[in-house]
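Data first, discussion second: the structure below is written as structure tokens.
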Amino acid sequence: MEATILGEPLPYEDRIRGVGSFKYVDVEEYFNLHRKTLEDFEGFWASIARELEWFKPFERVVEPGDHPYVYKWFSGGLINISYLALDRNVRGGRKNKVAYIWEGEPVDEGGVPREVRKLTYYDLYREVNRVAYMLRNSFGLRKGDRVAIYLPMIPELPIFMLVAARLGVIFTVVFAGFTAENLAVRINDLGATLLITADGFYRRGRIIRLKDVADRALETTPTVKSVIVVRRLGLKDVNMVEGRDYWFDELMKGVPSNVYVEPEPMESNETLYVLYTSGTTGRPKGIMHDHGGYAVLLHATMKWVFDIRDDDVYYCTADIGWVTGHSYIVFGPLIEGATIVMYEGAPDYPAPDRVWSIVERYGVTILYTTPILVRMLMRFGDGWVKRHDRSTLRLIHSVGEPINPAAWRWLYEVVGERRCPVGSTWWMTETGGILISHAPGLALAPLKPGTNGPPLPGVDADVVDEEGEPIEPGRKGFLVIKRPWPGMPAAPTGMWGDPGRYRQVYWEKIPGKGLFFTGDWAIKDADGYIWVLGRADEVLKVAGHRIGTYELESILVSHKAVAEAAVVGAPDPVKGEVPVAFVTLREGFTRTKELEEELKQWVRDKYGSIAVPTHVFFVSKLPKTRSGKIMRRLLIAILTNKPLGDITTLEDEAAVEEARKAYEELSRELKEVTYR
Ligand code: WTA
């Protein structure tokens with residue numbers, strides 16, 4: 001079967017050469033360069049690492065850690081990522097350069113933003129020092145302590161991340177769109193003693209009362225002793241618990257304006273943060289990142305992928321609650337001393353041209369966005385784009401899920417007017433930074449609509465079969481990384497508190513070969529370019545957000561009416577993929593539209609609106625293999641009206657006959673369903 005992205009064939013031969021003023025190379029030249037970086041693997045990464053400032057030089061480039069498949073990068077080196085992001089820029093001539101241009105969501109008539117805050121590197125440096133001073137003196141925070149940050153897209157979010165980094169305090173950021181349950185699970189897994197949150201924020205013209213959500217989480221988080229609340233909205237009726245909850249502005253009142261808190265010298269492998277991401281089973285996985293290796297990968301990719309320069313205005317449309325924001329709104333661009341645009345609210349508020357008006361208002365030169373956003377904005381027509389000046393743009397990338405060729409072409413032709421290279425940067429929470437992408441800042445190989453491009457220098461990626469053997473170009477297989485890379489899940493355990501699970505999930509899916517299993521389907525074409533097609537495991541990518549089907553199934557079966565549940569991802573022309581649920585009911589409950597709505601609301605309350613299934617189908621039984629595994633591919637085939645035989649599979653899920661019978665039965669049962 002021919003591979004597609006959202007039903008569009010992959011244009012392997014559609015090579016677009018020499019865009020903008022970037023240094024053009026042909027495919028062969030690029031891979032020559034790439035090969036050299038792998039031949040001198042350690043020397044190559046060491047040379048990149050030396051471009052950063054170390055308090056003490058590292059002694060080794062890479063070595064095995066204390067648990068299988070945990071590697072240590074730049075051991076012995078002392079470094080602090082907050083120092084690289086702030087002190088180094090302040091001392092290096094960027095003192096009064098703007099670091100963040102922040103725009104709040106609300107607008108006045110005519111679409112003019114009501115609030116814009118500009119923070120220079122020096123402003124940020126002073127504020128981070130003051131907050132660090134306050135946290136240390138008023139809360140006694142020290143290296144190794146843990147905090148949870150549950151903040152919306154306001155400048156205090158990067159500020160608290162930088163403060164924690166400076167003190168060597170391990171932090172986890174929880175996406176502000178997450179529910180109390182999701183927040184509590186993360187706080188408890190990390191054992192955070194301090195929670196930093198806000199009274200609320202604006203989203204699509206509405207007020208979201210964040211502290212109320214945090215309060216519900218705090219009922220089940222015994223480790224949290226204190227809560228700091230940032231006043232974003234100025235709400236009057238916020239519940240503040242005496243002796244536990246403190247207003248941030250009141251805490252800061254007594255802090256002198258010129259304090260200096262020395263950045264903690266961190267051994268390269270010591271933990272910077274833990275970010276939770278969904279897996280196929282159980283609790284979310286706490287992926288660990290360090291100071292040294294992580295900073296090196298971000299530095300390299302900011303140069304190669306984004307070609308970042310001092311006169312750039314860089315705008316990433318992601319949310320800092322996800323890894324993209326951690327790496328490419330906060331640490332990566334700050335290390336490079338970039339001017340970063342940060343926007344609080346919804347990208348289509350008050351009108352579908354908000355993103356383009358931001359590009360025009362600040363003269364954005366580099367845009368980093370997502371396929372979902374592109375597909376959503378495309379639908380409103382070219383007029384919204386064209387009414388804004390985009391002549392400053394010189395480079396565009398997307399991230400988070402495969403970009404279909406039509407969306408790619410729209411970015412290339414309409415948004416960038418064929419002046420800007422457009423890329424689709426592949427990476428994941430676990431990789432810390434981009435690993436597969438075009439590298440316009442280094443050498444721009446031909447573009448192709450929808451491809452991720454070649455692996456970056458020093459990155460050994462391949463597509464293999466289930467035995468871990470390379471497969472021929474054009475065939476679908478598993479994307480793997482064949483050597484460690486800086487920025488990988490960090491020592492000591494890779495996954496917070498669970499080195500065994502780290503080993504199983506990433507290194508033992510294909511046993512014995514030392515390959516990092518990404519969980520993605522991909523094709524390598526004859527040029528050696530990678531085309532990631534989507535997840536090969538039971539993880540959904542809904543509007544770019546990673547959600548385990550298992551998590552949604554657990555929520556559904558916790559409802560009194562539900563006996564069993566199966567959630568699958570159905571293709572969606574805008575969101576890429578949407579969750580669809582199949583449930584069987586307990587005795588005494590009947591299939592009604594009201595119950596369907598109730599179950600959707602149940603998921604919204606327990607997980608957040610991003611995960612609400614578009615449909616909940618009531619069925620009499622779920623198709624399962626003899627070993628009890630739900631036959632998801634069969635459910636997807638039914639949903640998309642595809643014959644069962646069309647489903648490509650590497651793992652044999654069930655006896656063919658049995659599957660066919662289940663398929664026919666279920667198709668009959670769902671005849672009336674129009675979802676296609
Ligand atoms: C998917 C986001 C195709 C992939 C940075 C991966 C992509 C998962 C791309 C990680 C891309 C990310 N093309 N697929 N350019 N970028 N993915 O952890 O399935 O939220 O495994 O990290 O997103 O999602 P995560």
Side-chain angles (χ1 to χ4, degrees), residues 3-6 8 10 173 175 177-178 274-280 284-289 297-298 301 305 316-329 332 368-375 396-405 407-408 411 422-438 447-456 461 463 476 478-481 487-489 495 505-506 509 516-524 529-549 569 575-577 610-611:
T4 60
I5 299 176
L6 282 180
E8 296 171 39
L10 311 185
V173 175
F175 173 54
F178 266 151
V274 175
L275 182 58
Y276 289 85
T277 186
S278 293
T280 49
K285 303 174 290 195
I287 304 300
M288 300 167 70
H289 287 296
L297 181 63
L298 296 186
T301 51
V305 177
C316 170
T317 62
D319 192 292
I320 295 176
W322 311 102
V323 76
T324 303
H326 282 58
S327 297
Y328 296 108
I329 299 178
Y368 195 25
T369 187
T370 62
I372 156 102
L373 183 56
V374 174
R375 288 190 294 258
I396 303 173
H397 284 295
S398 86
V399 62
E401 57 182 310
I403 186 159
N404 50 310
W408 189 96
L411 274 180
V422 173
S424 170
T425 64
W426 179 91
W427 59 296
M428 51 201 297
T429 304
E430 292 81 346
T431 68
I434 299 165
L435 295 189
I436 304 173
S437 166
H438 278 86
L447 301 166
K448 300 182 189 188
T451 188
N452 301 108
L456 286 175
V463 178
K476 182 170 152 183
F478 298 118
L479 178 67
V480 295
I481 313 296
M488 68 191 300
M495 209 185 285
V505 172
Y506 303 108
K509 285 273 153 62
F516 177 87
F517 181 81
T518 65
D520 279 339
W521 291 119
I523 283 175
K524 189 161 89 170
Y529 283 17
I530 308 280
W531 302 68
V532 170
L533 304 171
R535 298 292 306 179
D537 56 7
E538 278 137 28
V539 170
L540 304 179
K541 265 287 178 164
V542 182
H545 304 316
R546 207 161 143 184
I547 303 169
T549 50
K575 291 188 172 174
E577 195 168 45
I610 52 174

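Here the structure is a predicted model, which means the values were calculated and not measured. Hydrogens, waters and symmetry mates are skipped; everything else that's a heavy atom, side chains included, is used. Order of listing sets the numbers, starting from 1, for every ligand and every atom in it.
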key: Residue and atom name of the nearest protein heavy atom (relative to atom 10 (C) of ligand 1), distance in Å to one decimal   = Met428 CB, 3.3 Å
note = Counting heavy atoms under 4.0 Å, the part of Lys541 that contacts ligand 1 is side chain
Contact check, Trp427 vs ligand 1, heavy-atom distance below 4.0 Å = yes
query = Taking only heavy atoms of Thr324, which atoms of ligand 1 are found under 4.0 Å from at least one of them?
reply = 5 (C)
note = Heavy-atom proximity to atom 11 (C) of ligand 1 ranks first, among Leu533, Val532, Asn452, for Asn452
note = One finds that the ligand 1 atoms under 4.0 Å from a non-hydrogen atom of Pro402 are 3 (C), 13 (N), 14 (N)
ask   = Do Thr425 and Tyr328 come close enough that some side-chain heavy atom pair is under 4.5 Å?
value = no
task = Check for a donor-acceptor pair, side chain of Ser327 on one end and backbone N or O of Gly432 on the other, with a separation under 3.5 Å.
result = yes
ask   = Is the shortest N/O to N/O distance between Arg535 and ligand 1 below 3.5 Å?
value = yes
request  = Look only at the side chain of Thr431 and the backbone of Gly433, and say whether a donor-acceptor pair between them is shorter than 3.5 Å.
outcome  = yes
inquiry  = Does any N or O of ligand 1 fall below 3.5 Å from an N or O anywhere on Glu430, backbone included?
reply    = no
inquiry  = Main chain of Thr317, side chain of Thr369: is a donor-acceptor contact present, judged purely on distance under 3.5 Å?
reply    = no
Partner of Arg546 under salt bridge (charged side-chain N to carboxylate O under 4.0 Å, His left out), chosen from Glu538, Glu401, Glu430 = Glu430
query = Could an N or O of ligand 1 be found under 3.5 Å from any N or O of Ser398, whether backbone or side chain?
reply = no
query = So with a 6.0 Å cut-off around NZ of Lys448, is the heavy-atom count from everything else above 12?
reply = yes
request  = For Thr425, take its heavy atoms, then give the atoms of ligand 1 lying under 4.0 Å from any of them.
outcome  = 9 (C), 11 (C), 15 (N), 16 (N)
ask   = Do Leu479 and Ile436 touch side chain to side chain, with heavy atoms closer than 4.5 Å?
value = yes
ask   = Considering only protein heavy atoms, which is closest to atom 1 (C) of ligand 1, and at what distance to one decimal place?
value = Gly400 O, 3.3 Å
task = Using distance alone, determine whether Glu401 and ligand 1 share an N or O pair under 3.5 Å.
result = yes
inquiry  = Once you measure the plane-to-plane angle for Trp322 and His545, does it fall in the parallel (<30°), tilted (30-60°) or perpendicular (>60°) bin?
reply    = parallel
ask   = Any idea which of Asp520, Val323, Leu540 brings a heavy atom closest to atom 4 (C) of ligand 1?
value = Asp520
ask   = Do Thr301 side-chain atoms and Leu298 backbone N/O form a donor-acceptor pair below 3.5 Å?
value = yes
